[in-house]
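Shown next, in structure tokens, is the structure this report addresses.
For this chain, numbers begin at 1 and follow the sequence in order. All values derive from a computational prediction rather than experimental measurement. When reading the values below, keep in mind they use all heavy atoms of this one structure, side chains included, and skip hydrogens, waters and symmetry mates. As the structure lists them, so they are numbered: ligands from 1, and atoms in each ligand from 1.
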Amino acid sequence: MAPLPPVVRVMAASVRIADKAAEIIRGILSAGDLGIVEKTGINDLQTEADRSAQRCIVANLARQFPRLTVIGEEEPDDRPVPDHWLVEDGADPRAERVDCPEQLAGVTEEQIVVWVDPLDGTKEFTQGLLDHVTVLIGIAAGGRPAAGVINQPYFNYERPELPQGRTIFGLAGGAVAGFEPRAPPAGQRIVTTTRSHSTGLVQAALQALQPDQVVPVGGAGHKVLLLLEGRAHAYVFASPGCKKWDTCAPEAILSAVGGRLTDMHGDELRYDAAVQRLNSAGVLATAPGVQHDWYVQRVPQEVRDKLHAVA
Ligand code: AMP
Ligand code: MG
Ligand code: MG
């Protein structure tokens with residue numbers, strides 16, 4: 001049997017690694033000491049769960065794939081991790097079985113950049129809105145998202161009779177797994193947006209779109225899950241603030257089912273290692289079958305003029 005393409009191997013390992021990170025996050029919350037630190041301010045928090053989950057993900061990726069470039073949201077911390085944080089059973093067999101699209105099959109380990117958000121939705125995590133939390137591992141090649149893993153550690157947390165937590169994954173231009181893709185309701189416009197980082201620009205864009213419903217929730221990963229599962233038509237964030245580690249994994253999976261994720265001008269985001277971390281021209285994502293360009297054009301020019309893309 002031919003060896004699996006590195007993009008598929010990294011994705012299949014990341015499924016297992018994200019499960020381990022989710023376990024660590026749940027353990028820290030249930031132990032009760034979040035160790036909250038303000039990074040740039042009260043709206044930019046970090047907890048022990050963010051720090052530990054990143055250490056876990058980075059250590060496991062480095063051990064299995066020493067030639068990858070890995071960029072995480074939190075400060076690098078090279079202290080050795082406890083043995084029980086290491087994933088021993090390698091890779092997820094479902095993820096290893098997916099067909100690799102031709103354009104990704106030749107990508108080498110050296111060419112891959114992995115964008116890690118160890119805990120997306122930290123503000124909501126500290127407020128007990130637990131299903132807003134995701135672990136995001138985005139696998140980029142040639143500056144564009146190639147594959148993504150989204151783990152939702154507290155999926156179903158309000159329904160303890162159901163299985164707890166889930167992992168979804170997908171290859172851009174290929175297969176997805178771990179969720180049921182659904183189209184949003186026809187004849188309506190449901191827009192999801194930030195609940196903890198709103199600005200005048202965000203509100204001006206929302207107002208111009210005249211949605212039937214606005215769904216303010218935490219996390220870029222969680223908002224893209226709403227698009228994947230037909231609970232919103234668009235994710236609109238007409239402001240800087242969101243970073244490449246927030247969008248890489250969600251974009252890979254959304255594009256695999258035919259949705260789109262761009263900046264507020266409708267231009268592609270880049271994920272090369274040297275790129276600016278900030279999505280300075282905002283984030284606009286639409287569910288499959290939704291007219292992405294309609295949203296771009298409907299947002300007032302004076303709002304878009306304030307959002308500059310920086311390479
Ligand atoms: P939100 O939709 O507010 O949950 O934001 C999505 C992602 O972007 C989260 O990881 C936030 O932490 C990040 N983000 C958005 N706006 C800001 C901001 N003003 N400062 C720091 N992080 C932000
Ligand atoms: Mg985040
Ligand atoms: Mg984070």
Heavy atoms only: which of Asp246, Asp117, Asn279, Asp44 is nearest to atom 10 (O) of ligand 1?
-> Asp246

Are any of the side-chain nitrogens in Glu23 or Arg26 under 4.0 Å away from the carboxylate oxygens of its partner?
-> no

Taking the non-hydrogen atoms of Glu73, is any one of them nearer than 4.0 angstrom to ligand 1?
-> no

Quick one: how many protein N/O/S atoms are under 2.8 Å away from the Mg ion (ligand 2)?
-> 3

Side-chain hydrophobic cluster, 4.5 Å single linkage: members besides Leu278 | none

Flag for Ser196-Asn43: side-chain donor and acceptor within less than 3.5 Å | no

Non-hydrogen atom of His222 closer than 4.0 Å to ligand 1 = no

Salt bridge or not for Lys243 and Glu73, using N-O below 4.0 Å?
-> no

Distance-only polar pair, side chains of Thr262 and Asp267, donor-acceptor under 3.5 Å | no

Under 3.5 Å: donor-acceptor pair, side chain of Ser280, backbone of Val310 | yes

Taking heavy atoms and a distance under 4.0 Å, where does Arg195 meet ligand 1: side chain, backbone, both or neither?
-> neither

Classify the contact between Lys243 and ligand 1 as side chain, backbone, both or neither, using a heavy-atom distance cut-off of under 4.0 Å.
-> side chain

Got more than 12 heavy atoms from elsewhere within 6.0 Å of CD, Gln127?
-> yes

Taking atom types as modelled and ignoring hydrogens, do the side chains of Ser198 and Gln203 form a donor-acceptor contact shorter than 3.5 angstrom?
-> yes

